[in-house]
Structures are given as C-alpha cells and as structure tokens.
Q: 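Please find one structure pasted underneath; my questions will follow.
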Amino acid sequence: MKNFWLIKTEPENDWSWNDQLKKNIEGWDGVRNFAARKNLQSMKINDQAFFYHSGKDKCIMGIVKIIKEAYPDPSDKSGKFVMVDVKTYKSFKNPVLLKEIKSVKKLNKMVLVNNSRLSVQPVMPIEWKIICKLGI
DNA sequence: GCCAACGTTGGC
DNA sequence: GCCAACGTTGGC
C-alpha cells in the first residue's frame with residue numbers, strides 16, 4: 001500500500017523547492033532524529049511526500065516521489081542514520097500555507113500542526129487529499 | 001530575536 | 001534506568 005509523508009527543509013540555509021526543481025533527483029540526507037528515521041525506514045518506492053518549507057515561507061511547495069528506499073546516510077559518521085532518494089513529482093500552483101492548514105478543521109490532527117519539529121512525518125490519506133486539492 | 005517544546009546526552 | 005541539563009528547532 002502506498003503511504004504519504006511530509007518532509008521538511010529550510011529553504012534559506014539548506015535546500016529549497018527551487019533547488020529540487022533544478023536537480024530533480026536528490027538524496028535526502030542529514031536526518032538525525034530517531035522518530036524521523038523510523039519514518040524514513042517505512043518509506044517504500046513510489047510513496048509520495050509533501051515538500052515543506054519551514055522558516056520564512058511555512059508552506060507546502062509540491063510533491064516528491066520516493067525512488068530509493070532507506071539506505072545508510074554516508075554523512076553520518078556513527079552509521080546510525082539513513083537517507084532516501086526523492087524525485088520531483090509535482091509543483092503546487094498554490095503553495096499551501098501552514099496558516100491555511102491550521103484553518104482547516106480536518107487538518108488539525110496533522111503532525112505538522114501538533115509536532116512541527118519532526119522533520120519526516122506521516123500524512124493520513126484524507127489529509128493528503130485535502131491538501132492536494134488546496135494546492136492543485 | 002524570543003521562547004516554548006522537544007529530543008538527546010551524560011552523570012548518577 | 002532515571003532525570004536534569006543542554007542544544008536545537010521553528011512558529012510567532
């Protein structure tokens with residue numbers, strides 16, 4: 001079964017949707033949190049993930065697809081953490097703002113709303129559907 | 001720039 | 001194995 005996710009990035013300092021569009025395929029490394037690692041390890045090929053800008057923007061920019069499942073993150077010297085590869089899938093015409101998400105009642109259970117610090121989060125199918133509609 | 005919330009570390 | 005201290009994240 002296909003799963004849905006949300007991955008966060010800091011567009012200013014780290015990696016932006018613009019960078020993603022330019023590069024198309026990118027290794028999602030640098031995750032150093034056990035809850036996030038667990039989510040990375042649950043990802044399957046062809047799962048989809050929202051691409052979220054934290055910081056100034058605070059919005060979902062588009063969708064990426066998982067094209068390679070969890071493998072050891074070479075940037076982690078301890079060897080404990082993993083990464084996946086993602087590929088640009090779809091750009092939202094209307095990036096969905098955190099503010100909008102918070103204003104939709106059915107979305108107020110989202111991890112993004114309740115635990116905004118988790119950098120790799122699961123998304124419920126119903127939540128996925130609503131946000132896709134908002135972003136078109 | 002502040003601060004609340006959270007995760008991780010390390011001493012016991 | 002607990003918990004205080006610390007560092008980091010991210011929304012405001």
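Note that the structure is a prediction, hence the values are computed from the model and not measured. Within every chain, numbering begins at 1; the chains are lettered A, B, ... in the order of the sequence lines, protein sequences first and strands thereafter.
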Q: Give A/Lys99 one of three labels, base, sugar-phosphate or nothing, depending on what nucleic acid heavy atoms sit under 4.0 Å from its own.
A: nothing

Q: Each nucleotide in nucleotides 2-11 of chain B should get exactly one letter: B, S or -. Can you fill that in based on protein heavy atoms under 4.0 Å?
A: ---BBSS---

Q: Would A/Lys2 count as a cation-pi partner of A/Phe4, with NZ or CZ less than 6.0 Å from the six-membered ring centre and within 45° of the ring normal?
A: no

Q: Which residues satisfy the ring pair (Phe, Tyr, Trp, His ring centres under 6.0 Å) test with A/Trp5, sequence neighbours excluded?
A: none

Q: For residues A/Trp17 and A/Ser91, report the shortest heavy-atom separation together with the two atoms involved.
A: NE1-OG, 2.9 Å

Q: Tell me the salt bridge (Lys or Arg N to Asp or Glu O under 4.0 Å) pairs involving residues 10-31 of chain A, sequence neighbours left out?
A: A/Lys23-A/Glu26

Q: Ion pair present between A/Arg32 and A/Asp73, side-chain N to carboxylate O less than 4.0 angstrom?
A: yes

